[in-house]
Amino acid sequence: MVLEAGIVMMEIGDAIGSNGTGGLMIIFASEFTNSGIVESNGSDGGTGSKAGGGGSGAGSINIFYKELIKEGTVIANGGKRGANNSSFTRRAEGGAGGAGSITITSMPHRTWQE
């Protein structure tokens with residue numbers, strides 16, 4: 001299997017609460033060419049009248065290959081915290097989502113089948 005990645009994006013979450021994560025991505029290929037961006041980011045928290053929503057955590061990107069042709073950019077960032085548009089002195093803002101994990105591993109002795 002030969003896989004070429006241009007832009008691969010995963011983004012999950014809703015406007016205010018931003019639940020969910022950037023997801024799980026597993027790429028297993030004999031030849032892997034990334035000439036662009038592979039990303040699995042969390043979504044940003046929304047703006048609320050009483051409290052801002054929290055950003056969701058980023059996902060996990062796992063790339064296993066026999067031959068890496070070109071290594072582009074791989075990103076797994078958590079979503080930004082949501083804002084509070086209230087006029088109260090004590091305003092609550094959501095927290096930022098956590099960073100994801102990225103694993104890029106060569107498996108040269110693996111038996112590959114189409």
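Note that the coordinates shown come from a computational prediction; the quantities given were computed from them, not determined experimentally.
- At least one donor-acceptor pair closer than 3.5 Å links the side chain of N41 to the backbone N or O of N77.
- The stretch residues 73-82 participates, sequence neighbours left out, in these salt bridge (charged side-chain N to carboxylate O under 4.0 Å, His left out) pairs: R81-E93.
- Listed here is the closest heavy atom pair of S56 and S43: OG-N, 2.8 Å.
- Here the closest non-hydrogen pair linking E39 and M25 is O-CE, 3.9 Å.
- Contact detail for F32 and V38: the closest heavy-atom pair is CZ-CG2, 4.4 Å.
- With sequence neighbours left out, I104 forms a side-chain contact (heavy atoms from CB on, under 4.5 Å) with I63, Y65, E71, V74, I102.
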**OP:** In sequence, state the C-alpha distance, the side-chain angles, and the governing distance for L24 and N62, and then conclude on side chain to side chain contact (heavy atoms under 4.5 Å, CB included).
**Re:** CA-CA 8 Å; L24 170 65; N62 303 278; 3.5 Å; yes
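- Annotation for A58 and G78: closest pair CB-N, 3.7 Å, computed over non-hydrogen atoms.
- In this view, T73 and I37, I75 satisfy the side-chain contact (heavy atoms from CB on, under 4.5 Å) rule, not counting sequence neighbours.
- If you take CD on E31 and NZ on K66, they are separated by 9.5 Å, rounding to the nearest 0.5 Å.
- Here OG1 of T103 is found 10.0 Å from CD1 of I26. Values are rounded to the nearest 0.5 Å.
- Residues forming a side chain to side chain donor-acceptor pair (under 3.5 Å) with S101 (at least two apart in sequence, or on another chain): S60.
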